[in-house]
Number of protein chains: 2
Amino acid sequence: MCCSYSEQQKKDVTNFTQEQKQLIEKIGIYHEQQGFPPVVGRIMGLLYVSDRPHLSFEEIIDTLNISKSATSNALNLLLQMRLIEYTTFSGDRKRYFSALLEKWHQEVVDKMGSILAFSSLLRKANELRGDSNPGMNEKVLERIEFMEFLSREVPLLLEKWRKERKKYFFCPL
Amino acid sequence: MCCSYSEQQKKDVTNFTQEQKQLIEKIGIYHEQQGFPPVVGRIMGLLYVSDRPHLSFEEIIDTLNISKSATSNALNLLLQMRLIEYTTFSGDRKRYFSALLEKWHQEVVDKMGSILAFSSLLRKANELRGDSNPGMNEKVLERIEFMEFLSREVPLLLEKWRKERKKYFFCPL
DNA sequence: AATTTAGTTCTCAAAATTATGAACCAAAGA
DNA sequence: TCTTTGGTTCATAATTTTGAGAACTAAATT
């Protein structure tokens, strides 16, 4: 096999402007703040900033100057978290990675799930406290109810969003 | 000064049931997952599970078996993040800490702020990409717009919540 | 004035995280 | 069959985080 997809398309990937490099780092830092290791964040930054639809393992390594192992682990983590995806091309053994932009909606729903999990811990706390401190129970209950309110309302919000989108894109008469 | 607030009220704080201890740890782990160190999480757990309205520095140390320094740092972090507060009683040098349950609403608004910050990074990415990959720009833009939609809608949701509450608690004619 | 109390700050050790480089492996190509 | 490619896995090094303990401080008590 003489010409892979990347050879056909390669236009020096590693040549980012200073501004683009800074943006990759900023997006990286944002992801670090969300709990990811630096390399993982940088890969997300690269995938968001690159003007290529998808990058190979090799290109990621060369652009970011990171090790194969760190890259392998980071990509597998991101794949597992469904934050990125990859495409393949027949006759080319490489995998081509890109940010999975459609995931965002689900992410919000998941976040609500975790809030709900916490609210059930608070419920348990109230239950175990019994009536030894009714004032506290009442305040905790208000917080529980607010979290549950959010969990009910956010999916509705997603629905609203989907409808607004549909209006614009599917029936633009 | 012979009797501090804590001496008047002390009914063996450290005697939690197995179930309560487990709940403290679970709430601790939840906070760890939100990015806090273990000790910080456990203190939150303790403050949520305790049936006492507020606990002193000493009581926290004795109950959780943690060092003074870790406790001091953790409490100051939590105070600064406005997740806990403290009360004082005249003639008693101690500070009495409790979870700040009212903070939750603001927390949601803050979270939206961070989402908005990320969306402006993505806007920059689109801008720097120019028109070299319109398909990507379009998908990224959809994500940006969704984030901005959320940032607009969530404060409205808070307003809705406040109104529902008022209905129940302030005008229950 | 000396001691106790309620913490804070500093130093350091232990533990956890992160990333590297080398060894490895399976599939493809020569 | 031997080599190359596209990774993965392992051992380890570097860095960061976390928390303990001792020394410290300032106010209150004796």
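All chains are named by letter (A, B, ...) in the order of the sequence lines, taking the proteins before the strands, and each is independently numbered beginning at 1. Because the structure is predicted, anything quoted here is derived from the model rather than measured.
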Atom-to-atom span, [atom1] of [X] to [atom2] of [N] - whole angstrom:
X       : N      : atom1 : atom2 : answer
B/Ile61 : D/dG19 : CD1   : C1'   : 12 Å
B/Asp92 : C/dT4  : CG    : P     : 19 Å
B/Phe57 : D/dA26 : CZ    : C1'   : 15 Å
B/Phe36 : D/dG19 : CZ    : C1'   : 17 Å
A/Leu77 : D/dT9  : CG    : C1'   : 16 Å
A/Ile43 : D/dG7  : CD1   : P     : 13 Å
A/Glu58 : D/dG7  : CD    : P     : 9 Å
B/Ile60 : C/dT8  : CD1   : P     : 11 Å

Base C/dG7 to side chain B/Lys68, donor-acceptor N/O within 3.5 Å cut-off |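 Flag set: donor-acceptor pair detected.
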
Quiz item: B/Ser69 side-chain donor-acceptor pair to D/dG21 base, under 3.5 Å: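 Counting by modelled atom types and ignoring angles, a donor-acceptor contact under 3.5 Å is found here.
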
* Asked: Does A/Trp161 reach the side chain of B/Leu150, with side-chain heavy atoms less than 4.5 Å apart?
  ->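 Contact flag for A/Trp161/B/Leu150 side chains = no.
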
Would you mind telling me which of D/dT9, D/dT18, C/dT9 lies closest to the side-chain atoms of B/Pro37?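 Of the candidates, D/dT18 comes closest.
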
What heavy-atom pair brings [X] and [Y] nearest, and what distance separates the two atoms?
X        : Y        : value
B/Phe118 : A/Ile27  : CE1-CG2, 4.0 Å
B/Ala74  : B/Val40  : CB-CG2, 3.6 Å
B/Ser119 : B/Ile144 : O-CG1, 3.9 Å

Quiz item: Relative to the ring of A/Phe36, is the ring of A/His31 parallel (under 30°), tilted (30 to 60°) or perpendicular (over 60°)?
Solution: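 It falls in the tilted class, 30° to 60°.
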
- [ ] Between B/Thr71 and A/Ala70, name the one whose nearest nucleotide on DNA chain C is closer to the 5' end.
- [x]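 Its nearest nucleotide being more 5', the pick is B/Thr71.
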
| message | Assuming nearest nucleotide by heavy-atom distance, tell me which of A/Arg42 and B/Ser72 is located more 5' along DNA chain C. | response |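 Nearest nucleotide further toward 5': that of B/Ser72.
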
Residue whose nearest DNA chain D nucleotide is more 5′ - A/Arg93 or B/Ser67: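 The 5'-side residue here is A/Arg93.
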
Whichever of B/Val39 and A/Arg95 has its nearest DNA chain D nucleotide further upstream toward 5':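 The residue mapped nearer the 5' terminus is A/Arg95.
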
Within the pair B/Asn76 and C/dT8, is there a side-chain N or O less than 4.0 Å away from OP1 or OP2?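 So the side-chain polar atoms of B/Asn76 do come within 4.0 Å of the phosphate oxygens OP1 or OP2 of C/dT8, strictly under.
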
